[in-house]
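To start, the structure under review is shown below, and the notes come after it.
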Amino acid sequence: MVLCYIKKMKIAITGKGGVGKTTLSATLAHIYASEGKRVIAVDADPDANLAAALGISRHEAGKIRPIAEMTDLIEERTGARPGKSGGMFKINPRVDDIPEEFGYKLNNITLLMTGKSKEAASGCYCPENVFLRRMLKHLVVNRDEVVIVDMEAGIEHLTRGTAEAVDAFIVVVEPGQRSIQTAHTVKEMAKGLGVKKVFVVANKVRGEEDLNFIKNELSGMDLLGFISFSHDIMRSDIEGMSPFNIKTAVEDVMKIRKNLEGHIG
């Protein structure tokens, strides 16, 4: 039974590049939005593709400014100019108005693109990185919407406080050793942040052989379901269309959503 009474959900979706995490993120966002729920979809991957997967045109997507590039805003809120080293700045800046003021609205979905501070990969303690982490923690801990974060392969965006508030970590894998290894790596990283459950979704599954391979390699991780290999999904990517328009993809993700809510409801 799908637990439709759930009004809010906090989901972080990750996986090796190219496995289809953005397909899952966008389809889940549209499913929840179509049910009348308010959704905040966060593209936290510097290789930003979530706008296209949501069905936002390239022209419109080009107008969306990543939060990390809003240097005037970050300076106003933190007291320090991004890109400048040294000095003091606020480590708890105001971020509660960011979705309403700077998000792109699409029906019941608000899209935020985080972008990436130039030094964030090195764990820099700089104004833009602190601002992004603060914003993500606010979205996951304090907001009363469905929040879906399309992440990079790792979970470096998250702090312990944020990670503990996420309802579900979902790692998207495909039939192949590299993406399976990423899933195990994310599980270990999540454990270090106090997260006990990491779920897996299989994508590009061509049949029982692929599915059995993935199940055998997961070593006890919970498989929520799979998305079948589809030329239509590939075509939707080429044409800049949302996979939410593809019936089989929606049916697969609806089953995944049902299993997810069954695990955490």
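Using a 4.5 Å cut-off on side-chain heavy atoms (C-beta onward), Ile40 and Leu112 make contact. The side-chain heavy atoms of Lys37 and Glu145, taken from C-beta on, include no pair separated by under 4.5 Å. At least one side-chain heavy atom of Phe131 sits less than 4.5 Å from a side-chain heavy atom of Ile98. Within the 4.5 Å cutoff, side-chain heavy atoms of Met9 are placed close to those of Ile264. His184 is listed as a side-chain neighbour of Ser219, based on a closest heavy-atom distance under 4.5 Å. Side-chain contact check for Asp96 versus Arg94: some heavy-atom pair is nearer than 4.5 Å. Side chains of Glu128 and Thr78 form no contact here, defined as non-hydrogen atoms less than 4.5 Å apart. Taking 4.5 Å as the limit, some side-chain heavy atom of Leu28 sits within range of a side-chain heavy atom of Val253.
Of the charged side-chain nitrogens involved, at least one lies within less than 4.0 Å of a carboxylate oxygen, so that Arg257 and Glu261 count as a salt-bridged pair. Under a 4.0 Å N-O distance rule, the pair Asp45/Lys21 qualifies as a salt bridge. Using a 4.0 Å cut-off between charged side-chain N and carboxylate O, Asp167 and Lys197 make no salt bridge.
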For this session: Under the salt bridge (Lys or Arg N to Asp or Glu O under 4.0 Å) rule, what do Lys187 and Asp222 come out as? Steps first, then yes or no, please.
Result: CA-CA 11 Å; Lys187 182 179 180 180; Asp222 291 318; over 6 Å; no
For this session: Start with the C-alpha distance between Thr159 and Thr162, add both sets of side-chain angles, then the distance that settles side-chain hydrogen bond (donor to acceptor under 3.5 Å, both in side chains), and finish with yes or no.
Result: CA-CA 5 Å; Thr159 61; Thr162 310; 2.9 Å; yes
For this session: Mind running side-chain hydrogen bond (donor to acceptor under 3.5 Å, both in side chains) on Thr22 and Asp150 for me, showing each step along the way?
Result: CA-CA 6 Å; Thr22 302; Asp150 183 4; 2.7 Å; yes
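Shown here are the ring-ring contact (aromatic ring centres under 6.0 Å, His included) partners of Phe229, two or more places apart in sequence or in another chain: His231. Partners of Asp72 under the salt bridge (Lys or Arg N to Asp or Glu O under 4.0 Å) rule, at least two apart in sequence or in another chain, are Arg81. Here Phe199 pairs with His263 under the ring-ring contact (aromatic ring centres under 6.0 Å, His included) rule; sequence neighbours left out. Residues passing the salt bridge (Lys or Arg N to Asp or Glu O under 4.0 Å) test with Arg58: none are found, sequence neighbours excluded. Applying the salt bridge (Lys or Arg N to Asp or Glu O under 4.0 Å) test to Lys16 and every residue at least two apart in sequence or in another chain returns Glu174.
Applying side-chain contact (heavy atoms from CB on, under 4.5 Å) to Leu158 and the options Arg133, Met151, Lys137 leaves one that passes, Met151. Each of Leu24, Thr14, Val200, Val198 was checked for a side-chain contact (heavy atoms from CB on, under 4.5 Å) with Ile170, and the lone residue meeting it is Leu24.
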In a table with atom names and distances, give each donor-acceptor pair under 3.5 Å that connects a side chain of residues 102-111 to protein atoms at least two apart or in another chain.
{"unit_1": "Tyr104", "atom_1": "OH", "unit_2": "Glu60", "atom_2": "OE1", "d": "3.2"}
{"unit_1": "Lys105", "atom_1": "NZ", "unit_2": "Pro99", "atom_2": "O", "d": "3.3"}
{"unit_1": "Lys105", "atom_1": "NZ", "unit_2": "Glu100", "atom_2": "O", "d": "3.1"}
{"unit_1": "Lys105", "atom_1": "NZ", "unit_2": "Gly103", "atom_2": "O", "d": "3.3"}
{"unit_1": "Asn108", "atom_1": "ND2", "unit_2": "Ala33", "atom_2": "O", "d": "3.0"}

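Put simply, the side chain of His138 never gets that close to the backbone of Arg143: no donor and acceptor are under 3.5 Å apart. Arg134 places a side-chain N or O within 3.5 Å of a backbone atom of Pro93 that can act as its donor or acceptor partner. Ser236 places no side-chain N or O within donor-acceptor distance of the main-chain N or O of Ser242, the cut-off being under 3.5 Å. In this structure a side-chain-to-backbone donor-acceptor pair under 3.5 Å is present from Asp43 to Asn49.
When all heavy atoms of Arg65 and Glu69 are compared, the closest pair comes out as NH2-O, 2.6 Å. Nearest approach of Ala163 to Val195, heavy atoms of both residues: O-CG2, 3.6 Å. Closest approach of Ile180 to Leu218, counting heavy atoms only: CD1-CD2, 4.3 Å. In terms of heavy-atom proximity, Thr23 sits nearest to Thr27 at O-OG1, 2.7 Å. Among all heavy-atom pairs drawn from Phe226 and Val205, the shortest one is CB-CG2, 3.8 Å. The nearest pair of heavy atoms linking Ala168 to Leu260 is CB-CD1, 3.5 Å.
Lys258 contributes atom NZ, which lies 13.5 Å from atom CG of Leu224 (distance to the nearest 0.5 angstrom). Expressed to the nearest 0.5 Å, how far CG of Asp232 lies from CG of Asp237 amounts to 12.5 Å.
Residues Val250 and Leu50 are members of one and the same hydrophobic cluster, defined by side-chain heavy-atom contacts under 4.5 angstrom among Ile, Leu, Val, Met, Phe, Trp and Tyr.
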